Amino acid sequence: MTSTPSDAPDNKPLDFIRAIIEEDLQSGRYERVVTRFPPEPNGFLHIGHAKSICLNFGIAREYHSVCHLRFDDTNPSKESVEYVEAITEDVRWLGFDWGEHLYYASDYFDRLYDFAVQLIRMGKAYVCHLSADQIREQRGTLTEPGRESPYRDRPVEENLRLFEQMKNGELADGTCVLRARIDMASPNILMRDPVLYRILRTTHHRTADRWCIYPMYDFTHCLSDMIEGITHSLCTLEFENNRPLYDWVLDTLDTPCHPRQIEFARLNINYTVMSKRKLLRLVNENRVDGWDDPRMLTISGLRRRGYTPASIRRFCDLIGVGRRESWIDMGVLENAVREDLNESAPRVMGVLRPLKVVITNYPEGQTEQFEALNHPQKPEMGTRTVPFSREIFIEADDFMEDPPKKFHRLGPGREVRLRYAYLVTCDKVIKNDRGEVTELHCTHDPASRGGSAPDGRKVKGTIHWVSARHAVEAEVRLYDRLFTVDHPDMDREKDFKEFLNPDSLVVLSGCKLEPSLATARPEDRFQFERQGYFCPDTRDARPGRPVFNRIVTLRDTWKKISGQT
RNA sequence: UGGGGCGUCGUCAAGCGGUAAGACACAAGACUUUGACUCUUGCAUUCGCAGGUUCGAAUCCUGCCGCCCCAGCCA
């Protein structure tokens, strides 16, 4: 086999992992590159996993190689097929393909058992009857060495017999464990005779009740990597302490290859929580609408929210990979979708908080069709037709009774352009008994048909509108960050749920959308001009009852100028 | 106070002895029938701190300081 050159763009500096891989290929340490993404099926994938997925599958792609999808399913008490299915779907949706290489650590249970027996035969593992508490107690502390187990020097034959009894279900849960025989005085606590197997009578989602002993992570992971011929085993920083053990197992056992573990910093994003444990709590305690709540940074949540796979890949590309703990600003993620959707999303008009406007000098009963660009910068995306009539809706925010000088929109006596339609001037403000503006009377300039005046007068403001008679009524859901503080799970006293943002979801009903939106399909994404990007909610939208999710807002310079929040 | 890591702009992040890339954010301006997009310009005399080596250091050496990880029969 010959080494395969990377396809990575050479205009960009290599991250430290790709640099190591290049070295390994050049030095001949490895002849090819095989990676793997090894999720435990005990929860849904989130944006942090996407970083790992893009890294592992991305490297495989660059080296014309493969990335295995392997479920690390060694703890049946927390795992289930539902998670396996969700994870599979998410990885595929992100745009990656593992070909034939779908594996389960549980597929290796027989071989793992044999490796354990081998270790026992070598005098490198023993069955320990100490209780969990006793093991902990004898493990020592960060500064004191541990004490050796009284069972440490059991004869090989006895260990073999006992381990077989464990496997055969002759011993109750917790009776004993299989431990590696390494060094109770090691400064690395993980090397102080770590547990390799425990007895666990729980039905496994794949092997059912065939096993009542299950291998631990440190024993399983390195051997699974080895069995699959993985060359570079990429994981997060907290596994750095496990690397000596990873290497010990593979060095001690007679194995044909030895994958290289490389650790990188996990992804942190502010104003959210990332751990599966915390996400699970939000789900279980009904603080969100399930794992795919559009406010959650799970892959399924982002999908339902309307994020594109390309935007998530782009995000992972932007943040890079390194070894320092870092916090990425939520804005970077938002920027990645905007970048993608700005290119691809057709533009439409939708009024979220409608204010009725009557064009008093426009003939009653008349309708005109205006041609609107689907994408002003991309004529190839075509045009559509938008109906106009005497009564329309505009955005309530686009009118101010007493506007400041810099406000370019509508106000009493002010003229504004209705996008693609006419220039209109506000003549009259109608209010209810509470003093709230309920309706506007305007006059249009018939000569400004299409939006520009023949006399060339400049109108600074252009606002969007929807014909009242033709409007599609819809529910629109506006999302904001789930938490009010940048590091919700780093407060010593308060639980992270105390920082949930009560305004993270705002449901608007009675929104008025242009008629073309009546036929929106689940995969469609639109830019509601001047508002943001939106998509139909895949769970709640029904024919005749449209529901749209706001994916992300547009950048809003006016908000900054006016000092709104 | 054991061991393993990490410290370059507000946030990410290049740099690997030759005199601080880029991105986001921010600021100013241009353009604009989306206050969007796009474009232009500005934004670290300085690389956790202190010494040292060198003609020359973010890069090498020494010593401090700060932060993260490890004492699950979780992964």
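This structure is a prediction, so every number in the text was calculated from the model and none was measured.
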Under 3.5 Å, which protein N or O atoms sit close to an N or O of nucleotides 12-14 of chain B? Give each pair with its distance.
| unit_1 | atom_1 | unit_2 | atom_2 | d |
| --- | --- | --- | --- | --- |
| C12(B) | OP1 | Trp327(A) | N | 2.8 |
| C12(B) | O5' | Trp327(A) | O | 3.2 |
| C12(B) | O2' | Ile319(A) | O | 3.2 |

Sidechain N-carboxylate O distance under 4.0 Å for Glu325(A), Arg266(A): no
Give one of base, sugar-phosphate or nothing for Gln527(A), where a contact means two heavy atoms less than 4.0 Å apart. base
Phe388(A): ring-ring contact (aromatic ring centres under 6.0 Å, His included) partners, not counting sequence neighbours: Tyr362(A), Phe370(A), Tyr422(A), Trp465(A)
On a whole-Å scale, what distance lies between the P atoms belonging to C73(B) and C64(B)? 35 Å
Met330(A) CE to A23(B) P, in whole Å, measures 23 Å
Given the P atoms of G48(B) and G66(B), what is the spacing between them in whole Å? 16 Å
Got a sec, which residues hit side-chain hydrogen bond (donor to acceptor under 3.5 Å, both in side chains) with Glu148(A), two or more places apart in sequence or on another chain? Arg152(A)
Rounded to whole Å, the CD-P distance (Gln138(A) to G72(B)) equals 14 Å
Considering residues at least two apart in sequence or located in another chain, which fulfil the salt bridge (charged side-chain N to carboxylate O under 4.0 Å, His left out) criterion with Arg206(A)? Asp107(A)
When you get a sec, tell me which of C26(B), C24(B), U34(B) is the closest nucleotide to the side chain of Lys560(A)? C26(B)
Is it true that Arg409(A) and Glu395(A) have a side-chain N and a carboxylate O under 4.0 angstrom from each other? no
Find the distance Arg243(A):CZ to C69(B):P and express it as a whole number of Å. 18 Å
Which residues pass the salt bridge (charged side-chain N to carboxylate O under 4.0 Å, His left out) test with Arg179(A), sequence neighbours left out? none
Side chains of Arg417(A) and His408(A): is there a donor and an acceptor less than 3.5 Å apart? no
Rounded to whole Å, how long is the line connecting atom CG of Leu554(A) with atom C1' of A36(B)? 4 Å
Given Phe315(A) and Lys51(A), is the side chain to side chain contact (heavy atoms under 4.5 Å, CB included) satisfied, shown in steps? CA-CA 9 Å; Phe315(A) 170 74; Lys51(A) 175 179 180 179; over 6 Å; no
Does Tyr422(A) reach a base, just sugar-phosphate, or nothing at all? Heavy atoms under 4.0 Å. nothing
Atom NE2 of His487(A) to atom C1' of U11(B): distance rounded to whole Å? 10 Å
Pairs: protein N or O with nucleotides 73-75 of chain B N or O, under 3.5 Å:
| unit_1 | atom_1 | unit_2 | atom_2 | d |
| --- | --- | --- | --- | --- |
| C73(B) | OP1 | Arg139(A) | NH2 | 3.2 |
| C73(B) | OP2 | Arg139(A) | NH1 | 3.0 |
| C73(B) | N4 | Leu130(A) | O | 3.1 |
| C73(B) | N4 | Ala132(A) | N | 2.9 |
| C74(B) | OP2 | Arg198(A) | NE | 3.0 |
| C74(B) | OP2 | Arg198(A) | NH2 | 3.0 |
| C74(B) | O3' | Arg198(A) | NH2 | 3.3 |
| C74(B) | O2' | Asn75(A) | ND2 | 2.9 |
| A75(B) | OP1 | Thr74(A) | OG1 | 2.6 |
| A75(B) | OP1 | Arg198(A) | NH1 | 3.4 |
| A75(B) | OP1 | Arg198(A) | NH2 | 3.1 |
| A75(B) | OP2 | Tyr217(A) | N | 3.0 |
| A75(B) | O3' | Asp72(A) | OD2 | 3.2 |

Does the side chain of His487(A) come under 3.5 Å of the side chain of Asn270(A) through a donor N or O and an acceptor N or O? no
Nearest-angstrom distance, C1' atom, G10(B) to C70(B): 32 Å
Can you sort out the partners of Arg347(A) under side chain to side chain contact (heavy atoms under 4.5 Å, CB included), two or more places apart, ordered by chain and number? Asn342(A), His375(A), Pro376(A), Gln377(A), Gln527(A), Glu529(A), Tyr533(A)
Both conditions, 6.0 Å and 45 degrees, for the charged tip of Lys276(A) above the ring of Phe44(A): are they met here? no
Look at the side chain of Asn241(A) against the base of C69(B) and say whether a donor-acceptor pair falls under 3.5 Å; ignore hydrogens and angles. yes
Can you measure Tyr246(A) atom OH to C69(B) atom P for me and round it to whole angstrom units? 23 Å
Take atom P in C60(B) and the same atom in C67(B), then report the distance between them in whole Å. 24 Å
Report the distance from atom CE of Met191(A) to atom C1' of G2(B), rounded to the nearest whole Å. 15 Å
Considering residues at least two apart in sequence or located in another chain, which fulfil the salt bridge (charged side-chain N to carboxylate O under 4.0 Å, His left out) criterion with Asp251(A)? none
Nearest-Å distance once atom P is located in both U53(B) and G7(B): 26 Å
Of the candidate nucleotides U34(B), C70(B), G4(B), which contains the atom at the shortest distance from the side chain of Ile189(A)? C70(B)
Listing request: all salt bridge (charged side-chain N to carboxylate O under 4.0 Å, His left out) pairs with a residue in residues 125-142 of chain A, at least two apart in sequence or in separate chains. Asp133(A)-Arg136(A)
Between N or O atoms, less than 3.5 Å apart, protein on one side and nucleotides 29-31 of chain B on the other: list the pairs.
none

By the Watson-Crick or G-U definition, both distances under 3.5 Å, G18(B) is matched with C55(B)
Arg555(A) side chain N/O closer than 4.0 Å to the phosphate oxygens (OP1, OP2) of A25(B)? yes
What residues 343-354 of chain A contributes to the RNA chain B interface at heavy-atom separation below 4.0 Å is Arg347(A)
Would you measure the distance from the C1' atom in C61(B) across to the matching atom in U1(B) and give it in whole Å? 26 Å
Can you tell me how far C1' of U32(B) sits from CH2 of Trp558(A), to the nearest Å? 17 Å
Quiz question: by atom type and distance under 3.5 Å, do the side chains of Thr383(A) and Glu371(A) form a donor-acceptor pair? yes
How would you label the glycosidic angle of G72(B): syn (within 90° of 0) or anti? syn
Nearest-angstrom distance, P atom, C16(B) to U59(B): 12 Å
Go through the N and O atoms of the side chain of Gln531(A) and the base of U34(B), and report whether any donor-acceptor pair is under 3.5 Å. no
For Arg414(A), give me all partners under salt bridge (charged side-chain N to carboxylate O under 4.0 Å, His left out), at least two apart in sequence or on another chain. none
Is the base of G35(B) touched by the side chain of Arg409(A) through a donor-acceptor pair closer than 3.5 angstrom? yes
Looking only at N and O atoms, is any donor in the side chain of Asn188(A) or the base of G2(B) less than 3.5 Å from an acceptor on the other one? no
Under 4.0 Å between a side-chain nitrogen and a carboxylate oxygen: does that hold for Glu240(A) and Arg323(A)? yes
C1' gap between A44(B) and U40(B), integer Å: 22 Å
